[in-house]
Amino acid sequence: MTHAIQIHAHGGPDVMRWEDVPVPDPGPGEARIRQRAIGVNFIDVYQRTGLYPLSLPAVLGNEAAGVVEAVGPGVTVVAVGDRVAYAGLVGAYAEERTVPAGRLVKLPDGIGDDVAAAIMLKGMTAEYLLRRTYRVSPGETIVFHAAAGGVGQIACRWAKALGATVIGTVGSDAKVEVARQHGCDHVVVTGPDLAARVRELTGGVGADVVYDAVGKDTWEASLDCLRPRGMLVSFGNASGPVPAFQPFVLMMKGSLFLTRPSLAHYVAKRDELAASASAVFDAIRSGAVRVDIRHRYALADAARAHADLEARRTTGPIVLTV
Ligand SMILES: NC(=O)c1ccc[n+]([C@@H]2O[C@H](COP(=O)([O-])OP(=O)(O)OC[C@H]3O[C@@H](n4cnc5c(N)ncnc54)[C@H](OP(=O)(O)O)[C@@H]3O)[C@@H](O)[C@H]2O)c1
């Protein structure tokens, strides 16, 4: 048995319980990990509330770093004693767990457990958004919403390193300076004049691409921020799901492109996972991306981390310590 944060019903942070759960011995293709640091992501909130339903009871969480304690038959990608991390495997809020070994990435020297737990999911998200969903090129202008957030800080720094002009948006004045320190050339506080501000900053042209994981509250403005044939990458819904809409709108607003990607589909194959993780580690080692962990909570206190994340009180990654 191990300690974990489990839910028996969807709801607010109060449904999160600190409980004992079984840890199965690793079967064929599996590895058991002693976890050392766990990342908190907004998807954990969607899964807790039921916006993305889980089969219950469920241990929350999607990413962590730790040490391999045991491996099942046929496992060759990792060995006992390896330092590893993963992203996108529900059940991460636990001291120990058993996972498919093929989803683990070995951690190189110089990448600590906290950093790995903070960047596996967020960093690989930034990687695929900026390099594969829309390939950001030098001289282009991007808009990134929630620029002071977990994915936002990493992506804005990375986009800057790729040579883009980065317009970040934040929800309050208090986050403006944080976003500026993380790669934004311009920071706009979200409000009714958001699209007009972006047009002004782009000399009336509009942005090449908008990355929007705020969802409902920024949807209209995101479409209005783009140049003709620009791309809206809608990759989350922190303020709620985007409303139903007609594809015709894309034509009216300038023959725009729209995609709604998920990390899972960009790291589904083992070689994609390895390449994405390795690009993230390289970006950290080269200094293109810096991981600034300002929020740490004990695993048992994960409900407080959720409350702070949802209330928009956090900036950058959040890590649970084991
Ligand atoms: N599709 C994918 O592959 C993928 C992968 C990873 C993450 N995501 C998405 O990326 C987004 C960022 O994830 P994260 O874990 O790094 O979270 P985060 O950015 O640290 O936190 C979410 C931020 O969204 C902003 N926000 C705007 N309206 C909000 C509202 N009504 N309630 C709460 N927050 C609101 C807040 O920033 P301000 O206060 O500055 O507005 C808040 O800090 C999430 O939407 C997540 O679902 C998608």
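Quick note: numbers below take in every heavy atom, side chains included, and nothing from hydrogens, waters or symmetry partners. Worth saying up front: this structure is predicted, and the values here are computed from it rather than measured. Numbering of ligands and ligand atoms starts at 1, following listing order.
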Listed once per pair and sorted, the ring-ring contact (aromatic ring centres under 6.0 Å, His included) pairs that draw on residues 60-100, sequence neighbours left out: Tyr93-His306

Matching residue for Lys106 among Val68, Asp82, Val77 - test: side chain to side chain contact (heavy atoms under 4.5 Å, CB included): Asp82

Are Arg294 and Asp292 within salt-bridge range, i.e. N to O under 4.0 Å? yes

Mind jotting down which protein residues get a heavy-atom contact under 4.0 Å with ligand 1? Chain and number order, please. Asn41, Phe42, Tyr46, Leu121, Thr125, Tyr128, Ala146, Gly149, Gly150, Val151, Val170, Gly171, Lys175, Ala213, Val214, Phe235, Gly236, Asn237, Ala238, Ser239, Arg260, Pro261, Ser262, Leu263, Leu309, Glu310, Arg312

Going by heavy atoms in the side chains, are Leu256 and Leu223 under 4.5 Å from each other? yes

Could you tell me the separation between the CE atom of Met120 and the CG atom of Leu89, rounded to the nearest 0.5 Å? 9.5 Å

Should Arg32 and Glu96 count as an ion pair when the cut-off is N to O under 4.0 Å? yes

